[in-house]
Amino acid sequence: MRRFLITVGTVVVLAGCSTSGTPTAAPDTGIAETTTTTVPPQTTTTDDLPPTIPYSFGTVRVAGATDRVTYDVAVPQIDGPDPAVVQEFNESMHQALIDQTQGYGDARFSLSDARPGPTYVGDSVVGAVLNTSWDANPPGAHPTYLIATVTVNTATAQPITLQDLFPDLPAGLQRLSEQSALLLPDTAAGPNFEAGGIAPETVNFADWVPSSTGMNIRFGDYQVGPHAIGLVDVTIPWSALTDVADPGTLAALAG
């Protein structure tokens, strides 16, 4: 049975990038460290959900600064019965934010909240999107939106990668490219979408999460069209991937 969760609110103040939903020593990332106060996530569920949800989503607010970056971002986090799954997911999400703060060469910038991305709890997986807003410092004309995604197999407490899903990675990427080309004309990108943004390369399809109907591909700012169209995503039906996907991994994602 698939389960969907609507996050109502979490209020956590965290300066420094801890690696779980509870206070821990910060890794040596150059991110400032202060005290942490955590308020457990509060959630509501849709009417068709069972009374007990194995994993629930909330957020932790991560705020601080390095020598060239300031950040104040709500990072998705989970709580649930398997500590290994919780740790893997939460640490991976924090690492995604660290990667964003450490990129872009010598540029000075700030990261803040963008539109919240989807979260998903399935029978065998949890997945979520971290959306942030990149602003030059001093500010430029408009922000650029960054995307990071994490999907964890709850049976193994390990992340699921494109290579896990597609044993023949080039064949899998080709299928994602072909399916995206069919779906993008019906999005804000339109029929004149940027074809280079869906070339069958790992970097173009690195940001994805499972959904109840298929593989939700998240395209970054400027990837498939101009900044004005905003962030774009398509959902490729699981049935379109059966002949190129690993059966066990596909079953976990689609179950």
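- Checked against side-chain contact (heavy atoms from CB on, under 4.5 Å), Gln158 has the following partners two or more places apart in sequence or in another chain: Thr156.
- With sequence neighbours left out, Gln100 forms a side-chain contact (heavy atoms from CB on, under 4.5 Å) with Leu97, Leu111, Leu130, Thr132, Leu146, Ala148.
- Side chain of Asn204 to main chain of Ser177: no donor-acceptor pair is present (N/O by atom type, distance under 3.5 Å, no hydrogens or angles).
- The shortest non-hydrogen separation linking Thr70 to Ala65 is CG2-CB, 4.0 Å.
- Residues Phe57 and Gln77 are not in side-chain contact: their nearest non-hydrogen atoms beyond the backbone lie 4.5 Å or more apart.
- In the hydrophobic clustering of ILVMFWY residues, with side-chain heavy atoms under 4.5 Å counting as a link, Val209 and Phe89 come out apart.
- A donor-acceptor contact shorter than 3.5 Å links the side chain of Asp164 to the backbone of Thr161.
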Mind listing the side-chain donor-acceptor pairs of residues 133-142 below 3.5 Å, one per line with the distance, residues two or more places apart or on another chain?
| from | atom 1 | to | atom 2 | distance (Å) |
| --- | --- | --- | --- | --- |
| Ser133 | OG | Asp135 | OD1 | 3.2 |
| His142 | NE2 | Tyr222 | OH | 3.4 |

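- Here the closest heavy-atom approach between residue Ser239 and residue Thr242 is recorded as O-OG1, 3.4 Å.
- Taking 4.5 Å as the limit, some side-chain heavy atom of Met215 sits within range of a side-chain heavy atom of Leu162.
- Taking all atoms of both residues into account, the shortest heavy-atom contact from Ala188 to Ile229 is O-CG2, 3.7 Å.
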CA sep, side-chain torsions, deciding dist, call: Tyr55, Asp82, side-chain contact (heavy atoms from CB on, under 4.5 Å): CA-CA 9 Å; Tyr55 292 93; Asp82 188 337; 3.1 Å; yes
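- Side-chain contact of Glu91 with Gln95: a donor-acceptor pair under 3.5 Å is absent, judged by distance alone.
- A distance of 4.0 Å separates CD1 of Ile198 from CZ of Phe193, quoted to the nearest 0.5 Å.
- Considering only residues two or more places apart in sequence or on other chains, Ala155 meets the side-chain contact (heavy atoms from CB on, under 4.5 Å) condition with Asn153.
- By the 4.5 Å heavy-atom criterion applied to side chains, Ile147 and Leu231 are counted as neighbours.
- Under the 4.5 Å side-chain heavy-atom criterion for grouping Ile, Leu, Val, Met, Phe, Trp and Tyr, Tyr104 is not connected to Tyr145 through any hydrophobic cluster.
- In terms of heavy-atom proximity, Glu88 sits nearest to Ala157 at CG-O, 3.4 Å.
- Residue Thr154 is tested with Val121, Ile78, Val85 for a side chain to side chain contact (heavy atoms under 4.5 Å, CB included); the sole match is Val85.
- Expressed to the nearest 0.5 Å, how far CD1 of Ile217 lies from CG of Leu184 amounts to 10.0 Å.
- Inter-residue side-chain proximity for Tyr71 and Val62 is flagged as met; some heavy-atom pair is nearer than 4.5 Å.
- For the pair Asp72 and Arg61, the salt-bridge criterion is met [side-chain N within less than 4.0 Å of a carboxylate O].
- For Thr149 (side chain) and Trp208 (main-chain N/O), a donor-acceptor pair under 3.5 Å exists by modelled atom type.
- Grouping Ile, Leu, Val, Met, Phe, Trp and Tyr residues whose side-chain heavy atoms lie under 4.5 Å apart, directly or via other members, leaves Leu182 alone, with no other cluster members.
- Listed by chain and number, the residues in a side-chain contact (heavy atoms from CB on, under 4.5 Å) with Glu194 amount to none (sequence neighbours excluded).
- Separation of atoms CZ (Arg175) and OG (Ser180) is listed at 12.0 Å; rounding is to 0.5 Å.
- In this structure, Ala107 and Arg68 approach most closely via the heavy-atom pair O-NH1, 2.6 Å.
- For the pair Trp238 and Leu253, the minimum side-chain heavy-atom distance is below 4.5 Å.
- Taking 4.5 Å as the limit, every side-chain heavy atom of Thr151 sits out of range of all side-chain heavy atoms of Tyr120.
- For the pair Gln163 (side chain) and Pro167 (backbone), a donor-acceptor distance under 3.5 Å is present.
- By the criterion of side-chain heavy atoms lying less than 4.5 angstrom apart, applied directly or through intervening Ile, Leu, Val, Met, Phe, Trp or Tyr residues, Val129 is not grouped with Val126; the two fall into different hydrophobic clusters.
- Remark: Asn131 CG to Asp221 CG distance equals 10.5 Å, nearest 0.5 Å.
- Residues Val152 and Val125 have side chains not in contact (no heavy-atom distance under 4.5 Å, counting atoms from C-beta outward).
- The side chain to side chain contact (heavy atoms under 4.5 Å, CB included) test with Phe166 is passed by exactly one of Asp246, Leu250, Leu176: Leu176.
- Here the OG-CG distance, from Ser211 to Asn216, works out to 6.0 Å after rounding to the nearest 0.5 Å.
- With a 4.5 Å cut-off on side-chain heavy atoms, Met93 and Val60 do not count as touching.
- No donor-acceptor distance shorter than 3.5 angstrom exists from the side chain of Gln174 to the backbone of Ala171, with no hydrogens or angles considered.
- Here the CG-CZ distance, from Leu173 to Phe205, works out to 7.0 Å after rounding to the nearest 0.5 Å.
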